[in-house]
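Worksheet for the structure shown next.
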Protein chains: 2
Amino acid sequence: MNRDDDLGRHSGGHEDSFSDVEHRIEITRQRLPGYPLEHARLARLITHMQKLQTDICNAVLKPYELNYVTYTALMMMYGSEEQTLTPSELSNATGEKPTNVTRICDELLRKGLIERYPSVEDRRRVVLRLTAQGERQVEQFQPKIWKALDKIYGQLSQAELRQVTGLLRRPLSNLDG
Amino acid sequence: MNRDDDLGRHSGGHEDSFSDVEHRIEITRQRLPGYPLEHARLARLITHMQKLQTDICNAVLKPYELNYVTYTALMMMYGSEEQTLTPSELSNATGEKPTNVTRICDELLRKGLIERYPSVEDRRRVVLRLTAQGERQVEQFQPKIWKALDKIYGQLSQAELRQVTGLLRRPLSNLDG
DNA sequence: TAGGAATAATTCATTAATGAAATATTAAAA
DNA sequence: TTTTAATATTTCATTAATGAATTATTCCTA
């Protein structure tokens, strides 16, 4: 997992952990006519960034016995009206499959960070709500997450951040907007 | 998992699956002074995009009994000199933990798509190599992956793709370059 | 308003991914 | 050159995530 792991093999002195990947993508481009280099590179970059931010956040959250997924669930509730959400909304918000949402909520419930009760308007639904303890928890670890995010994205200006986000956002609007 | 799942609850008529998330991030910004909205939004967007491309590629790869992770492993070998890589290089290239790389390679081996033998220069190491069958397999499913990637990123111009990639790449060079 | 289709959440069995420890080998230090 | 440290991979036990099927409720329509 270290940038120097494979020094002197396929790559000479190299710049960072992703340049080897880029090099492999370029080779592939040479071998496969029609290979969409830019698409492949972005796809791979997204995967790498996702892993990076997950790992870094996990490290920060470990002392709280939380991880990136449970943390995200809490934050989505924190940002909802009445700190309230249904499992399917939470599934959409986090990208976790409904079946996993059930498990995640079992865990948060066990920790007393959320509560869960049947909806009154629609009795198929379930209501998930952040408890007071859950809110305190969120407010406690947030600053550390901010530091972590800053370590990752701190070199990008606000303008650049908006630019990336604007562009990266487009596929989502295209596909289901 | 559908954009209409939670119609008429917390969101009014909405644009796409991500705008609810953005709205929650804005609420959070209001509740938590100091909350780095742009960082949080980009982080969340990356997670969503990663899930999206994983799901879409998995659908394409299902007929070949492969998934996004095993596919990535094959592609990284395809793009390497001699179609050859060590497990630790593969771990770096894919972002999978070494222990998972072992499992993945067991599977690819069982399918005859790669071969595995001890390195002669350094007997701690192991050499993984794409077989002829593996190469054929790659070349067979590639066009379908291209179509999938195009569905996702096709609305971005080459210039825009390079722009996103350039910006998104910076954190990786900063952190370990 | 009865009956079938759709939606929401969950359970259960299975697969995927991880961390900690073990093994083997090489590199570095004393 | 022996000892110690570092690297590479794997094994094993545990946790996390998924898909398929199930249950309960609501929506729709004939």
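Chain letters run A, B, ... following the sequence lines, proteins first, then strands; residues in each count from 1. For clarity, every value in this text was computed on a predicted model and none was experimentally measured. Basis for what follows: all heavy atoms, side chains included, without hydrogens, waters or symmetry-related copies.
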How many whole angstroms separate atom [atom1] of [X] from atom [atom2] of [N]?
| X | N | atom1 | atom2 | answer |
| --- | --- | --- | --- | --- |
| B/Arg125 | D/dT9 | CZ | P | 6 Å |
| B/Glu89 | D/dA8 | CD | P | 9 Å |
| A/Glu121 | D/dA24 | CD | C1' | 17 Å |

Quick one: salt bridge (Lys or Arg N to Asp or Glu O under 4.0 Å) partners of A/Arg123, sequence neighbours excluded?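 Counting only residues at least two positions away or on another chain, A/Arg123 forms no salt bridge (Lys or Arg N to Asp or Glu O under 4.0 Å).
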
With sequence neighbours left out, write down each residue that passes salt bridge (Lys or Arg N to Asp or Glu O under 4.0 Å) with A/Glu115, or none if nothing qualifies.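 Applying salt bridge (Lys or Arg N to Asp or Glu O under 4.0 Å) to A/Glu115 gives none.
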
Estimate the overall bend of the helix from C/dT1-D/dA30 to C/dA30-D/dT1 from the end axes over five pairs each, rounded to 10 degrees.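 Comparing the first five pairs with the last five, the axes sit 30° apart.
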
Scan for ring-ring contact (aromatic ring centres under 6.0 Å, His included) pairs involving residues 106-142 of chain A, sequence neighbours excluded, and state none if there are none.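 Residue pairs passing ring-ring contact (aromatic ring centres under 6.0 Å, His included), neighbours aside: A/Tyr64-A/Phe141, A/Tyr71-A/Phe141.
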
Under 4.0 Å between a side-chain nitrogen and a carboxylate oxygen: does that hold for [X] and [Y]?
| X | Y | value |
| --- | --- | --- |
| A/Arg41 | A/Glu22 | yes |
| B/Asp55 | A/Lys97 | yes |
| B/Asp122 | B/Arg125 | yes |
| B/Glu65 | B/Lys111 | no |

Can a cation-pi geometry be assigned to A/Arg31 and B/Tyr78, taking NZ or CZ under 6.0 Å from the six-membered ring centre and within 45° of the ring axis?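 Flagged: A/Arg31 positioned over aromatic ring of B/Tyr78.
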
Regarding B/Thr54 and B/Gln50, do their side chains bring together a donor and an acceptor under 3.5 Å, going by distance alone?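 Checked: B/Thr54/B/Gln50 side chains pair up, N/O donor to acceptor below 3.5 Å.
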
Determine whether the side chains of A/Tyr153 and B/Glu38 contain a donor N or O and an acceptor N or O closer than 3.5 Å.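 Checked: A/Tyr153/B/Glu38 side chains show no N/O donor-acceptor pair below 3.5 Å.
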
Contact nearer the 5' end of DNA chain D, comparing B/Val126 with A/Arg123: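 Its nearest nucleotide lies further toward 5', so the answer is B/Val126.
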
Answer whether the closest heavy-atom distance between the side chains of B/Pro87 and B/Leu128 falls below 4.5 Å.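 Yes, their side chains come closer than 4.5 Å.
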
Name the pairs: protein N/O against N/O of nucleotides 1-6 of chain C, kept only if under 3.5 Å.
none

Using a cut-off of strictly less than 4.0 Å, decide whether A/Arg116 has a side-chain nitrogen or oxygen near OP1 or OP2 of C/dT10.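 Answer yes for this pair, as a side-chain N or O of A/Arg116 is under 4.0 Å from OP1 or OP2.
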
Quick tally for nucleotides 14-19 of chain C: nucleotides whose base has a protein heavy atom under 4.0 Å get B, sugar-phosphate-only ones S, the rest -, giving --SBBB

